[in-house]
Amino acid sequence: MDRTRPAQPAAPLGPHSLLWRYAGDSRIAFLGGTIGLLQLMHPAIGAGVLEHSNFFDDPADRVFRSLPRILGAVYDGDEAATTGREVRDFHRSIRGTDAAGRAYHALEPATFWWAHATFQFMAEQVADRFDRHRLTHREREQLYREGVEWYRRYGVSDRSVPPDRAAFQDEWERVCAEVLEMNEAVRFVLAALEAPLAPLGHQAGIPPRLRPLADNPVVRRLLARPSRIVAVGGLPAMVRKRFDILWTPADQVQLEVMQRTIAWTWPLLPATARWQPRAADGWRREVGFVP
Ligand code: HEM
């Protein structure tokens, strides 16, 4: 057997790929709360973040600080694999024992893959929920295979990576049903989402000129309810049910109105606001402008 041949067929990344079209789109901000929760619900990630980060001081800071390099593994061209390996190496010391006495390590393949799976989900959800284009079956498969290439750039064993989009779905549902747990970190985020002021944290992911606005208490009050609706509404229904997270038909209507409004008005924003900085750098380098 050829041992160098990868088990999962990956698709190339670049300006023509679907991953370039969705992963660095600033609408991923609407998925931040959801994927943060799905990551923290994984027992190893919940424990790792509680023990190794400033999580309680600023829960959103971790996401904003990590994002440029996570997107770098998609958009950094010849440097992308170097970026990916730097991300991996950062996690070598993230290990310990969780509150239930189970040993964990961030680089254990199934654990690291779950964090990646949530980023893959994030890119696909930008298209499914906040964009007017409907992915065909073939495009969904392509986006998945491009995500396999993204994962490979971290240089972590890909033995936990499902071979195709259908197998990804099966594994996604299994983890949601059997592995995810309620824990202290998740309870903290859910409580923050119920608070009267939106938990916007440091706002490192927001363009500098908008940061004073995002720190303004009136703006944070106005954003509190939509933040909860978008974060909780993005969770798989099975996860909300398992952990008894309140979700009403009125919440669902509000979510759908917000999604549709964003999908229709997004193209009116200037191009620079529509892309995360690391993605914009990639577009400028490869095609000379930001689409
Ligand atoms: C695809 C999978 C993952 C990616 C792309 C990723 C990415 C990152 C990045 C870019 C950083 C920022 C490093 C820095 O500040 O210099 C980071 C920090 C961190 N990651 Fe991950 N990570 C992944 C999986 C995991 C897993 C599985 C765990 C836990 C078991 C974990 C726990 C942490 C912790 C605790 C920090 C430190 C946060 C802090 O300093 O506040 N990560 N991650």
Side-chain angles (χ1 to χ4, degrees), residues 8 10 13 19 23-24 28 31-32 34-76 79-124 144 146-162 168 171-172 175 179-181 183-186 188-189 199 201-205 276-279 281:
Q8 305 84 0
L13 297 185
L19 202 59
I28 60 173
L31 271 311
T34 303
I35 68 162
L37 282 165
L38 288 169
Q39 287 180 13
L40 292 172
M41 284 172 177
H42 190 287
I45 305 180
V49 169
L50 283 180
E51 280 193 338
H52 295 270
S53 89
N54 62 343
F55 177 72
F56 287 116
D57 298 332
D58 191 345
D61 185 39
R62 169 180 159 258
V63 180
F64 288 131
R65 236 170 343 102
S66 315
L67 196 58
R69 270 183 287 164
I70 297 172
L71 294 180
V74 176
Y75 292 95
D76 281 1
E79 295 299 312
T82 308
T83 307
R85 278 160 174 71
E86 280 170 13
V87 169
R88 176 199 61 193
D89 291 344
F90 178 85
H91 292 83
R92 289 198 188 279
S93 58
I94 298 180
R95 57 165 76 212
T97 307
D98 73 14
R102 296 165 295 194
Y104 69 84
H105 191 310
L107 294 180
E108 195 279 310
T111 301
F112 203 75
W113 172 78
W114 176 252
H116 172 74
T118 68
F119 295 122
Q120 175 81 39
F121 172 78
M122 168 189 86
E124 198 182 271
Y144 178 72
E146 290 165 355
V148 172
E149 170 60 24
W150 183 8
Y151 190 73
R152 218 160 261 160
R153 291 175 173 183
Y154 298 122
V156 174
S157 158
D158 59 7
R159 72 161 189 254
S160 297
V161 177
F168 172 88
E171 184 55 10
W172 176 268
V175 174
V179 178
L180 300 188
E181 291 178 358
N183 59 40
E184 203 188 339
V186 176
F188 180 81
V189 174
H202 273 177
Q203 292 314 318
Q276 289 293 306
R278 197 73 165 237
D281 290 348

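We number each residue from 1, following the sequence as shown. One-based numbering, in listed order, for ligands and for the atoms of each.
Proximity to His116 (heavy-atom distance under 4.0 Å) selects the following atoms of ligand 1: 1 (C), 2 (C). Annotation for ligand 1: atoms under 4.0 Å from non-hydrogen atoms of Ser53 are 38 (C), 39 (C), 41 (O). Near Asn54, meaning under 4.0 Å from any of its heavy atoms, are these atoms of ligand 1: 41 (O). Listed by number with element, the atoms of ligand 1 under 4.0 Å from a non-hydrogen atom of Ile70 are 5 (C), 7 (C). The atoms of ligand 1 that sit less than 4.0 Å from any heavy atom of Ala44 are 30 (C).
Within a 6.0 Å sphere centred on CZ of Arg95, heavy atoms belonging to other residues, nucleotides or ligands number 12 at most.
Neighbours of atom 21 (Fe) of ligand 1 restricted to protein N, O or S atoms under 2.8 Å: the count is 1.
Taking the six-membered ring for Trp and thresholds of 30 and 60 degrees, Trp113 and Phe168 have ring planes more than 60 degrees apart, a perpendicular arrangement. Aromatic ring pairs are classed by plane angle as parallel below 30°, tilted from 30° to 60° and perpendicular above 60°; the pair His116 and Tyr154 is perpendicular. Ring orientation note: the planes of Tyr104 and His52 are nearly perpendicular, at an angle over 60° on the 30°/60° scale.
The proximity of Arg65 to ligand 1, defined as any non-hydrogen pair under 4.0 Å, is limited to the side chain. Contact annotation for Leu67 and ligand 1: no heavy atom of the residue comes within less than 4.0 Å of the ligand. At a 4.0 Å heavy-atom cut-off, ligand 1 does not touch Trp114 at all.
A donor-acceptor contact shorter than 3.5 Å is absent between the side chain of Arg69 and the backbone of Gly84. Here the side chain of Arg278 pairs no donor or acceptor atom with the backbone of Leu71 at under 3.5 angstrom. With Tyr144 contributing its side chain and Pro162 its backbone, the two residues share a donor-acceptor pair below 3.5 Å.
Residue Tyr154 places a heavy atom less than 4.0 Å from ligand 1. Using a 4.0 Å cutoff on heavy atoms, Tyr104 does not count as a contact of ligand 1.
Across all non-hydrogen atoms, the minimal contact from Asn183 to Leu40 is ND2-O, 2.8 Å. Shortest non-hydrogen contact noted between Leu107 and His91 is CD2-CB, 3.8 Å. Between Ala80 and Ala73 the shortest heavy-atom distance is CB-O, 3.5 Å.
Looking at ligand 1, you'll find an N or O of Arg69 within less than 3.5 Å of one of its N or O atoms.
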Could you walk me through whether Asp281 and Tyr75 pass the side chain to side chain contact (heavy atoms under 4.5 Å, CB included) test, one step at a time?
-> CA-CA 8 Å; Asp281 290 348; Tyr75 292 95; over 6 Å; no
